[in-house]
Amino acid sequence: MGESPFRDDLFAGARVLVTGGGTGMGLAFAQTFAAHGAQVAIASRNAEHLAAGAATVTDATGTEVLTHVVDVRDAESVAALAATLESEWGALDVLVNNAAGNFFAPVAEMSENAWRAVVDIVLDGTFRVSRAFHPLLRKGRDASVVNIVANYAWGAASYVAHSGAAKAGVLNLTRSLALEWASHGIRVNALCPGVVPTEGARANLFPAPEMEQMITDTIPKGRLATADEMALQVLWLAASDYVTGECLVADGGQWLAGNPFYTLGKLVAD
């Protein structure tokens, strides 16, 4: 990661869980929290990704990382994760709901399974994990939840309607939980990140170089985002103890200019 504007011990002693933390942005979130003093746990469906991700964080920061295989679509799997961290830590200070999935598909041709695959991970998974960890967050220190959304959550999500509907639901859930849990000492916010060219994003959303350039052309800042700079936004939300129910948009101004999924989706669908 690059130079941080935050002091190295900002999260000293904090206990942090990142779902979808084995790769991509989730891994950057985990590494950045660890670099600022936190104890970190990462969870995802893929044990190999978790092992590799944990090794990456340890190599970079010297911090040992807890790993746990979890399927956020399954309540029993999520409950097992909560039980593990209760045994290990007894409380949780920061939860980052990052697990997600997305791919292009026109609604008229979208199967029930395709719709459910995304909504069940993104929206229902965020609900399941948040609910399961509520008791541990109540025991936490300045507890905070950060949910990851997208800049089409409040607009149109053509050709990725399953993701758009799910992210819109997560944004509403974020604000609802912010109200419900404020008296429990838990803040709940959302980050809307810019487009980060992770391996998964390139494979599912812009596999061709010209498609990546089309996305870049819609961003007023003139470039794609990096996972490290998005991680700093998550840290800011987790550390800002008077901010709750907010959605921090860090997309280089793209949402002001209009998201590119209509154009990209037509290329894929047609």
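Quick caveat, the model's predicted, so the values are computed rather than measured.
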What distance separates [X] [atom1] from [Y] [atom2], expressed to the nearest 0.5 Å?
X: L248; Y: L191; atom1: CG; atom2: CG; answer: 5.5 Å
X: R131; Y: L137; atom1: CZ; atom2: CG; answer: 14.0 Å
X: E86; Y: F133; atom1: CD; atom2: CZ; answer: 9.5 Å
X: N189; Y: L177; atom1: CG; atom2: CG; answer: 11.0 Å
X: F6; Y: L232; atom1: CZ; atom2: CG; answer: 6.0 Å
X: R187; Y: S240; atom1: CZ; atom2: OG; answer: 6.5 Å

A side-chain contact here means heavy atoms from C-beta on lying under 4.5 Å apart; do [X] and [Y] qualify?
X: T244; Y: W181; value: no
X: L171; Y: C247; value: yes
X: D93; Y: D142; value: no
X: T19; Y: V70; value: no
X: L95; Y: V129; value: yes
X: L235; Y: H36; value: yes
X: S144; Y: L237; value: no
X: D251; Y: I219; value: no

query: What's the verdict on side-chain contact (heavy atoms from CB on, under 4.5 Å) for W236 and V243, showing C-alpha distance, side-chain angles and the deciding distance?
result: CA-CA 10 Å; W236 185 87; V243 176; 4.1 Å; yes
Which heavy atom of [X] sits nearest a heavy atom of [Y], and at what distance?
X: M110; Y: W115; result: SD-CE3, 3.7 Å
X: A132; Y: V78; result: CB-CG1, 3.5 Å
X: I121; Y: G101; result: CG2-N, 4.4 Å
X: N102; Y: S163; result: OD1-CB, 3.3 Å
X: M230; Y: G194; result: SD-N, 3.4 Å

- request: Would you confirm whether H162, through its side chain, and F103, through its main-chain N or O, come within 3.5 Å as a donor-acceptor pair?
  value: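 Indeed, once roles are kept as given, a pair shorter than 3.5 Å links the two residues.
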query: Has the side chain of N98 got a donor or acceptor atom that lies under 3.5 Å from a matching backbone atom of G20?
result: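 Checked: pair present.
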field: R223 bridged to E229 by N-O distance under 4.0 Å
entry: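 Judged by the 4.0 Å cut-off on N to carboxylate O distance, R223 and E229 do form a salt bridge.
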query: Any side chain to side chain donor-acceptor pair (under 3.5 Å) pairs touching residues 46-59, not counting sequence neighbours?
result: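 Residue pairs with at least one partner in residues 46-59: there are none.
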query: In terms of ring plane angle, is the pair W154 and W255 parallel, tilted or perpendicular, where the classes change at 30° and 60°?
result: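 Plane angle over 60°, so perpendicular.
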task: Count the heavy atoms of every other residue, nucleotide or ligand shown that sit under 6.0 Å from CD of E64, and state whether that count exceeds 12.
output: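 Result for CD/E64: open.
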task: Just jot down the salt bridge (Lys or Arg N to Asp or Glu O under 4.0 Å) partners of R116, sequence neighbours excluded, or say none.
output: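 Partners of R116 by the salt bridge (Lys or Arg N to Asp or Glu O under 4.0 Å) criterion, ordered by chain and then number, come out as D124.
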message: Using the rule given for side-chain contact (heavy atoms from CB on, under 4.5 Å), can you reason through V40 versus V57, listing the C-alpha separation, both sets of side-chain angles and the distance that settles it, and then say yes or no?
response: CA-CA 9 Å; V40 176; V57 175; 5.7 Å; no
message: The criterion is side chain to side chain donor-acceptor pair (under 3.5 Å); which residues satisfy it with T218, sequence neighbours excluded?
response: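 Partners of T218 by the side chain to side chain donor-acceptor pair (under 3.5 Å) criterion, ordered by chain and then number, come out as Q254.
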query: Does a donor on one side chain sit under 3.5 Å from an acceptor on the other, for N147 and T126?
result: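 Absent: no donor and acceptor within the cut-off.
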- prompt: Out of D74, D71, D120, which residue meets the side-chain hydrogen bond (donor to acceptor under 3.5 Å, both in side chains) rule with R128?
  reply: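 It is D120; the other options fail the test.
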task: Decide side-chain contact (heavy atoms from CB on, under 4.5 Å) for W89 and L136; before the verdict, give the C-alpha distance in whole Å, the side-chain angles of both, and the deciding distance to 0.1 Å.
output: CA-CA 9 Å; W89 290 342; L136 292 184; over 6 Å; no
field: side-chain contact (heavy atoms from CB on, under 4.5 Å) evaluation trace for L17 with L92
entry: CA-CA 8 Å; L17 168 64; L92 187 68; 4.0 Å; yes
field: Single-linkage hydrophobic cluster, 4.5 Å side-chain cutoff, L85 and I186 together
entry: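 In one cluster with L85: I186, yes.
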message: I'd like to know if V188 and F127 are part of one continuous hydrophobic network [Ile/Leu/Val/Met/Phe/Trp/Tyr, side-chain heavy atoms within less than 4.5 Å].
response: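 Yes; V188 is reachable from F127 via cluster members.
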